[in-house]
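Everything below concerns the one structure shown next.
Naming convention: chains lettered A, B, ... in sequence-line order (proteins, then strands); numbering from 1 in each chain.
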There are 2 protein chains.
Amino acid sequence: MSIDHNERLLTPGEVAVMFRVDPKTVTRWASGGRIGSIRTPGGHRRFRESEVRTLLAELTFDVDAAG
Amino acid sequence: MSIDHNERLLTPGEVAVMFRVDPKTVTRWASGGRIGSIRTPGGHRRFRESEVRTLLAELTFDVDAAG
DNA sequence: CATTATTAGGGTAATTCGGGTA
DNA sequence: ATTGTCCGAATTACCCTAATAA
């Protein structure tokens, strides 16, 4: 019984833990279009794991070396 | 709303994986009419794959990235 | 018929939403 | 401008047992 879902989804709380921020902050990122999100029919947000990891990787490359 | 013979039916558990929710939540969606469902003679619910995928796509947000 | 996994149904925590505020 | 927190309301997750599915 394998489903052809090509993407794993994360909850706001899980993303919040990964970024070490409050879930509310993740919600704001979604509202502002900084991160893509999917809504459940009930209105709760889900986030694509691949996108989240990409954002995390980008943070890694940002060494705050602003001039 | 007739059933297409070529349509694949999904179990509550399979739909739950796609939305990253508990199977019980999918049941509530069906009870509340948020998603169409078909009952087996034994009372178990089945969901149309096409409808689920359509719903998933419609609930996909890509708010314009405000600067 | 026996076995194992999933689902139904109900009830109760936990999470999330949305707005407003610091 | 971004984040954290408080609030009430809604949605979702986890607990159980019995029934259905395969």
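A donor-acceptor contact under 3.5 angstrom links the side-chain atoms of A:R28 to the base of D:dG4. Side-chain atoms of A:K24 and base atoms of C:dG18 include a donor and an acceptor less than 3.5 Å apart.
Between A:R39 and the phosphate of C:dG18, there is a side-chain N or O to OP1/OP2 separation shorter than 4.0 Å. Remark: A:T25 is in phosphate contact with D:dG4, judged by side-chain N or O atoms under 4.0 Å from OP1 or OP2. Between A:T40 and the phosphate of D:dT11, there is no side-chain N or O to OP1/OP2 separation shorter than 4.0 Å. A close approach under 4.0 Å does occur between a side-chain nitrogen or oxygen of A:T27 and OP1 or OP2 of C:dC17. Dashed line: the shortest gap from a side-chain N or O of B:R34 to OP1 or OP2 of D:dT11 is under 4.0 Å. For D:dT12, one of the phosphate oxygens OP1 or OP2 lies less than 4.0 angstrom from a side-chain nitrogen or oxygen of B:W29.
Residue A:L10 contributes atom CG, which lies 16 Å from atom P of C:dT15 at whole-angstrom precision. The distance from atom CG of A:L9 to atom P of D:dT12 is 14 Å, rounded to the nearest whole Å. Regarding B:R45, its CZ atom lies at a distance of 14 Å from the P atom of D:dT20, rounded to whole Å. Summarising the geometry, the separation between CZ on B:R46 and P on C:dT6 is reported as 12 Å, rounded to the nearest angstrom. Residue B:D22 contributes atom CG, which lies 16 Å from atom P of C:dA14 at whole-angstrom precision. Nucleotide D:dA13 holds its P atom 9 Å from the NE2 atom of A:H44, rounded to whole Å.
Between B:T25 and B:R20, the side chains place no donor N or O within less than 3.5 Å of an acceptor N or O (distance only, hydrogens not considered).
Pairing for D:dA21 is with C:dT4, a Watson-Crick or G-U wobble pair whose two hydrogen-bonding atom distances lie under 3.5 Å. The partner of D:dA10 is C:dT15, judged by Watson-Crick or G-U wobble contacts that both fall below 3.5 Å. Remark: D:dT3 base-pairs with C:dA22. Criterion, Watson-Crick or G-U wobble with two distances under 3.5 Å.
Using a 4.5 Å heavy-atom cutoff, the side chains of B:R39 and B:R46 are not in contact. Between B:R45 and B:I38, every side-chain heavy-atom pair lies at or beyond the 4.5 Å cut-off. The side-chain heavy atoms of B:E49 and B:E14, taken from C-beta on, include no pair separated by under 4.5 Å.
Remark: of the listed residues B:D22, B:V15, B:V17, B:V15 is the sole one forming a side-chain contact (heavy atoms from CB on, under 4.5 Å) with B:F19.
Take the nearest nucleotide of DNA chain C for B:S31 and for A:E14: the residue whose nucleotide is more 5' is B:S31.
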